[in-house]
2 protein chains.
Amino acid sequence: MKISAQEEYGLRCLVQLASVTNGETLTLPQIAELEGISQSNAGKLMWLLNKSGFVKATRGTKGGYSLARPADEIYLSEVIKVLDDDEIEGHCGSYTGVLDSCVHTGDCGIRSVIVGLHEIVQNALSNVTLSQLVGTEKKVDERFHRIQRMAQ
Amino acid sequence: MKISAQEEYGLRCLVQLASVTNGETLTLPQIAELEGISQSNAGKLMWLLNKSGFVKATRGTKGGYSLARPADEIYLSEVIKVLDDDEIEGHCGSYTGVLDSCVHTGDCGIRSVIVGLHEIVQNALSNVTLSQLVGTEKKVDERFHRIQRMAQ
DNA sequence: TCTAATCTTGACTGAAAAGTAAAGATTTGA
DNA sequence: TCAAATCTTTACTTTTCAGTCAAGATTAGA
C-alpha cells in the first residue's frame, strides 16, 4: 500500500506549478531541477499531466508549463486517479467489475477491504486541493534562488 | 496507491487459516489450491507469516499451518505492517525519519499527504480483525468440497 | 530405522515499474 | 528564413517486484 513514483512526483510537479505566480510558466529543466529528477522523467510526467488536462504546455522559446485550472480547484483525488490509471486493482483482477477470472468468485472479505480502503483514500484526497499544499512545499525564496541560479 | 501482491495474498492466506475449525491445520498444497496460487508462492508467504509470528508451522506428516493467535485478536493493521516492511516510503526516501537525502529538505506538503494517508489506512485496518473476514470469504461448504476433492 | 509428508531456504527466471536517451515537432524572435 | 528554446514521442535500459524451482531439513508413523 505505497504511493507509486508516478503518483508522488506527478503531485510534486503540480505543486511546483501551483506555486508560481499566475501567468508564469516553468520549463522542463526547471521542474526537473526543483524536484531532483531527470529532465526525461519530468517530461514523461508532464506529458501525462498535460494529456489528462491538468496542465497547459506551450512550446518554443518562452514556452513551458502552467496549470490548466486554478490551483484551488484541483483536488488531489482527481490527480491520483489519473496517475494511478483509475482502477481498483487487486492481484487476481480488477475489483471495479466482477471477479470471475480467479478462484475468488462472488464477494469475499478481502474484496470489501480493498474496495473500502480505496474509498477511504479517495475521500481523504478529495478534501485537499493543490493550493493547500503550496507554501508548505518549501520556502519560496529558496525556490526562486535555485531557478535564478539556473538561468545564469 | 495499490495493495501489493504480498499484502493481498498474505491476508487471503490468513483468512483461510482463520476459517478452519480450531486445532485443524492447512497444508501448503491446500492453501495454494484454495487461493489459486502456486505452492512455491504460498510457501514463501507462509514462511514470512510464520517468521513474523502470525502462524505456527509444523513439519512432517500431519503437519501444516495454523494461526498462532485467535483470529479475533489479529488486526489487519498488524498484518499489513509486516507484509509491507513497516515503512512509510516515498520515492526520495523514507518519510518515517528525516528526509535529508533529496531535494525536499524539511517539511513539504507532499510529505504530510503521504504520512496522513498512511495514518488513515492504518487506522481503518486497525478496526478489522481476521475473524471479521471469515464467512464472507466464501461459502464454507464450497471450501470443504474443494479440500475433500484434493484429499482423494 | 525408513519412508512419505511436510515445511524451509536460497538461487533462479520472468514481468512490471521506473528511469534514460535521442530524435522529432513546434514556436518565438532576430 | 533560420536558429535556439521548448515540448513530444518512441525505443531502450535498469531496477524492483513477483513468481518458480529444486534441494534440504524435520517429523510422524509403520
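Labels below follow one simple rule: chain letters A, B, ... track the order of the sequence lines, proteins then strands, and each chain is numbered from 1. Everything quoted here is computed from the prediction, not taken from an experiment.
In this structure, L45(B) places its CG atom 8 Å from P of dG19(D), rounding to the nearest Å. Note: CG (L48(A)) to P (dA17(C)) measures 14 Å, nearest angstrom. Distance Y9(B) OH to dC17(D) P: 18 Å, rounded to the nearest Å. Taking atom CG of residue L28(B) and atom P of nucleotide dT26(D), one finds them 18 Å apart after rounding to whole Å. Spacing between atom CG of D85(A) and atom P of dA16(C) amounts to 13 Å, rounded to whole angstrom units. N41(A) has its CG atom 16 Å from the C1' atom of dC7(D), to the nearest Å. The distance from atom CG of L83(A) to atom C1' of dA18(C) is 14 Å, rounded to the nearest whole Å. The distance from atom CD of Q39(A) to atom C1' of dA22(C) is 12 Å, rounded to the nearest whole Å.
Ranking dT8(D), dA18(C), dA11(C) by closeness to the H91(B) side chain, first place goes to dA18(C). Of all nucleotides listed (dA18(C), dT8(C), dG19(D)), dA18(C) comes nearest to the side chain of S4(A). Listed candidates were dT8(D), dT28(C), dC7(C). Nearest to the side chain of K62(A) is dT28(C). The side chain of S40(B) lies closest to dT20(D) when the candidates are dC7(C), dT20(D), dT6(D). Closest to the side chain of W47(A), from the set dT9(D), dT20(C), dA18(C), is dT9(D). Out of dT6(C), dT8(C), dG19(C), the shortest distance to the side chain of T27(B) is found at dT6(C).
No donor-acceptor pair closer than 3.5 Å links the side chain of E7(A) to the backbone N or O of L83(A). Judged purely by atom type and a 3.5 angstrom limit, Q39(B) has no side-chain atom pairing as donor or acceptor with the backbone of L28(B).
Residues V113(A) and L76(B) have side chains in contact (heavy-atom distance under 4.5 Å, counting atoms from C-beta outward).
The heavy-atom pair separating H91(A) from I3(B) by the smallest distance is NE2-O, 2.6 Å. Taking each heavy atom of A124(B) and I120(A) in turn, the nearest pair found is CB-CD1, 3.5 Å.
DNA chain D lies under 4.0 Å from at least one heavy atom of each of the following residues of residues 50-60 of chain A: N50(A), A57(A), T58(A), R59(A), G60(A).
Within 4.0 Å of S38(B), counting heavy atoms only, lie sugar-phosphate atoms of the nucleic acid but no base atom. Residue contacts shown for G43(B) are absent, as no nucleic acid heavy atom lies under 4.0 Å away.
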Report all side-chain donor-acceptor pairs from residues 57-70 of chain A shorter than 3.5 Å, counting only partners two or more places apart or in another chain.
{"from": "T58(A)", "atom 1": "OG1", "to": "G64(A)", "atom 2": "N", "distance (Å)": "3.4"}
{"from": "T58(A)", "atom 1": "OG1", "to": "G64(A)", "atom 2": "O", "distance (Å)": "3.3"}
{"from": "R69(A)", "atom 1": "NH1", "to": "E73(A)", "atom 2": "O", "distance (Å)": "3.2"}
{"from": "R69(A)", "atom 1": "NH2", "to": "E78(A)", "atom 2": "OE1", "distance (Å)": "2.8"}

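Summary of the strand contacts: K44(A) and Y65(A) both lie near DNA chain D, and taking for each the nucleotide with the nearest heavy atom, the more 5' one is attributed to Y65(A).
Annotation for Y75(B): hydrophobic cluster partners, listed by chain and number, are none (ILVMFWY side-chain heavy atoms under 4.5 Å, direct or chained).
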